[in-house]
2 protein chains.
Amino acid sequence: MSKPEQRPYHHGNLREELLEAGMKMLETTGARDLSLRELSRELGVSHTAPRRHFPDKQALLDALALHGFALLGVAIAKALKDRSLDFKTRLVKLGRAYVGFAVKHPALLSMMFAAKHHDDAPAELLAAAERAFAPSSLAFEDGQAAGDVIPGDSKDLSLLAFTAMQGLVSLSHNGIFRGEKIDLLIGGILEHLILGLKPRKEPAR
Amino acid sequence: MSKPEQRPYHHGNLREELLEAGMKMLETTGARDLSLRELSRELGVSHTAPRRHFPDKQALLDALALHGFALLGVAIAKALKDRSLDFKTRLVKLGRAYVGFAVKHPALLSMMFAAKHHDDAPAELLAAAERAFAPSSLAFEDGQAAGDVIPGDSKDLSLLAFTAMQGLVSLSHNGIFRGEKIDLLIGGILEHLILGLKPRKEPAR
DNA sequence: AAAGAATGTTGTCATTGACACCATTGTTTC
DNA sequence: GAAACAATGGTGTCAATGACAACATTCTTT
């Protein structure tokens, strides 16, 4: 009569599954309507079980954001890992990686930034963001060493590039791109950016 | 005993004051935590009074967004109204106007876009957004007529400019700018953009 | 003046996040 | 190996919220 596999008192892997299901719910219903109780129901635990792993809702969101920055960091590092490529090629790879991530995880990305800018964001989260973007600064330093990039703080220059990409992303949310058009724009925008970043001892080519 | 000015049964100006107080609450507590009941309390009406003017919370947000697009439209039109100026000057004015708006009303702006991209956004809202950005397309057409801008759909080019500006705005949210630094960047970024937009019958200057 | 439209109110419901307190299981230490 | 304790899960409850129905008051229109 009793089910052969009645769930034991302890779930065993609740934290992990909360993150997994949370990620799914984030992308479907948005960060705003992510409900802890709904998650609990899905995983078949009581409505307060998540509290043992995440003191409040923001803590779960922070954990998801942390995971997001880790994912993004891997994507960025992978795009930039080949230091033998020329600067422009690397920059375009970086752009594709970032825009690709943004298109794949729109709700996650915006939640990541929201969490990071939250008043009392955990230091861990800020550090994760820092870490994720670090390879980009290094690439810009490589570009400066090769004479392809104007002098200046490499972190600032890197942020400039992400500015352009972020604008592109926000445009894509506006549903402007029918299909693959966005991929072409990445190259175009970065081309403009590179023109602007080139040292100008003589008038830019 | 009775107060000399007991509020009459009908508030008289509830819709207006809801919008006004809602705008304030939006900028202070954010769109997410804007509470209809809290607004009702502030204005001294019952918790369901807003329902006569806005069927649900989203309707109030939509109305606020509509107002926001009207404000933004005025700012954009004002920045571009002098058609005798050269293209670059007008573009910089546009940039300052947009970034200025974004810095002044951060929560409103992000809510405006969220509302606009909401699944069942009212057509009125989409039209308002369209209207607000229209002067920019016209300015780009002026630029094309003067030979300062490459051919192409003026709406797309206009969006490209807003892309750059939007990226700048998202950067500013990252707290990168100590003080007036952002104002300098506006010129810088648009300079790059203009370089890219210049027709290139011969190598760009 | 009467009818009906606008506009506000009271009361209620389900959902949610948070909390205090209790129950069960795993782990550590003597 | 058993007792103490930590870790993890559950029950019950609370206040806040958005939404709704049913009813009250005032304004407008005919």
Side-chain angles (χ1 to χ4, degrees), chain A residues 2-3 5-22 24-26 28-65 107 111 114-115 118-122, chain B residues 2-3 5-22 24-26 28-65 107 111 114-115 118-122:
Chain A
S2 63
K3 286 186 181 176
E5 51 157 355
Q6 47 176 325
R7 206 175 44 69
Y9 190 83
H10 282 129
H11 182 285
N13 200 24
L14 188 52
R15 191 193 150 93
E16 285 302 310
E17 295 199 21
L18 277 171
L19 288 174
E20 196 178 333
K24 234 175 258 168
M25 189 176 291
L26 186 62
T28 57
T29 51
R32 174 175 173 166
D33 303 316
L34 189 153
S35 156
L36 291 180
R37 289 172 103 109
E38 174 76 18
L39 282 181
S40 302
R41 280 187 291 264
E42 275 183 24
L43 299 183
V45 294
S46 77
H47 62 266
T48 51
R51 226 167 125 59
R52 298 298 148 193
H53 304 278
F54 309 100
D56 59 15
K57 188 176 171 177
Q58 188 57 48
L60 171 61
L61 291 178
D62 285 349
L64 288 174
M111 188 275 283
H118 201 258
D119 278 338
D120 28 51
Chain B
S2 64
K3 287 185 182 178
E5 49 158 355
Q6 47 176 327
R7 207 175 44 68
Y9 190 84
H10 281 129
H11 182 284
N13 200 24
L14 187 53
R15 192 192 149 93
E16 285 301 311
E17 296 199 21
L18 277 172
L19 288 175
E20 195 177 334
K24 234 175 258 171
M25 190 175 291
L26 185 62
T28 57
T29 50
R32 173 174 175 167
D33 303 314
L34 189 153
S35 156
L36 291 180
R37 289 172 103 109
E38 174 76 18
L39 281 181
S40 302
R41 279 187 293 264
E42 274 183 24
L43 299 183
V45 293
S46 76
H47 62 267
T48 51
R51 225 168 125 60
R52 296 298 151 197
H53 304 278
F54 308 101
D56 59 13
K57 188 175 168 177
Q58 188 57 48
L60 171 60
L61 290 178
D62 284 349
L64 288 174
M111 188 277 282
H118 200 256
D119 278 339
D120 28 51

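Treat the numbers as computed from the prediction; the structure is a model and nothing was measured. Letters go in sequence order (proteins before strands), and every chain restarts at 1. Quick note: numbers below take in every heavy atom, side chains included, and nothing from hydrogens, waters or symmetry partners.
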Please report the shortest heavy-atom distance between B:Leu14 and B:Ala49, naming the atom on each side. CD2-CB, 3.8 Å
Between [X] ([atom1]) and [N] ([atom2]), how many Å, whole number?
X	N	atom1	atom2	result
A:Glu42	C:dT16	CD	P	12 Å
A:Arg15	D:dT8	CZ	C1'	14 Å
A:Glu17	D:dG9	CD	P	10 Å
A:Arg32	C:dT16	CZ	C1'	13 Å
B:Glu16	C:dT7	CD	C1'	15 Å
B:Leu36	D:dA19	CG	P	7 Å
A:Arg52	C:dC21	CZ	C1'	10 Å
B:Phe54	C:dG8	CZ	P	11 Å

Per the side-chain hydrogen bond (donor to acceptor under 3.5 Å, both in side chains) rule, what does the pair list look like for residues 30-40 of chain A, sequence neighbours excluded?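 Qualifying pairs, neighbours excluded: A:Glu38-A:Arg41.
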Nucleotide of [options] approaching [X] most closely (side-chain heavy atoms):
X	options	result
A:His47	D:dA22, C:dA18, D:dT8	C:dA18
A:Val45	D:dT13, D:dG10, D:dA19	D:dG10
A:Ala49	C:dG11, D:dG10, D:dC23	D:dG10
A:Leu14	D:dA19, D:dG9, D:dG10	D:dG9
A:Ser35	C:dA18, D:dC23, C:dT16	C:dT16
B:Thr48	D:dG10, C:dT10, D:dT11	C:dT10

According to a strict under-4.0 Å criterion, is A:Arg41 in side-chain N/O contact with OP1 or OP2 of C:dT16?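 Yes, because at least one side-chain N or O of A:Arg41 sits under 4.0 Å from OP1 or OP2 of C:dT16.
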State whether A:Arg51 places a side-chain N or O below 4.0 Å from either non-bridging phosphate oxygen (OP1 or OP2) of C:dC19.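 For C:dC19, OP1 or OP2 has a side-chain N or O of A:Arg51 closer than 4.0 Å.
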Quick check for you: to the nearest 0.5 Å, what is the distance between A:Leu64 atom CG and A:Met111 atom CE?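 Going from CG on A:Leu64 over to CE on A:Met111, the span is 5.0 Å.
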Can you measure from CG (B:Leu36) to CG (B:Asp56) and round to the nearest 0.5 angstrom?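 Going from CG on B:Leu36 over to CG on B:Asp56, the span is 8.5 Å.
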Do A:Leu19 and A:Phe54 have side chains that get closer than 4.5 Å, going by heavy atoms? yes
Which part of the nucleic acid, if any, lies within contact of A:Leu34, taking any heavy atom under 4.0 Å across all strands shown: a base, the sugar-phosphate backbone alone, or nothing? sugar-phosphate
Could you pick out which residue, B:Arg37 or B:His53, lies toward the 5' side of DNA chain C when each is mapped onto its nearest nucleotide? B:His53
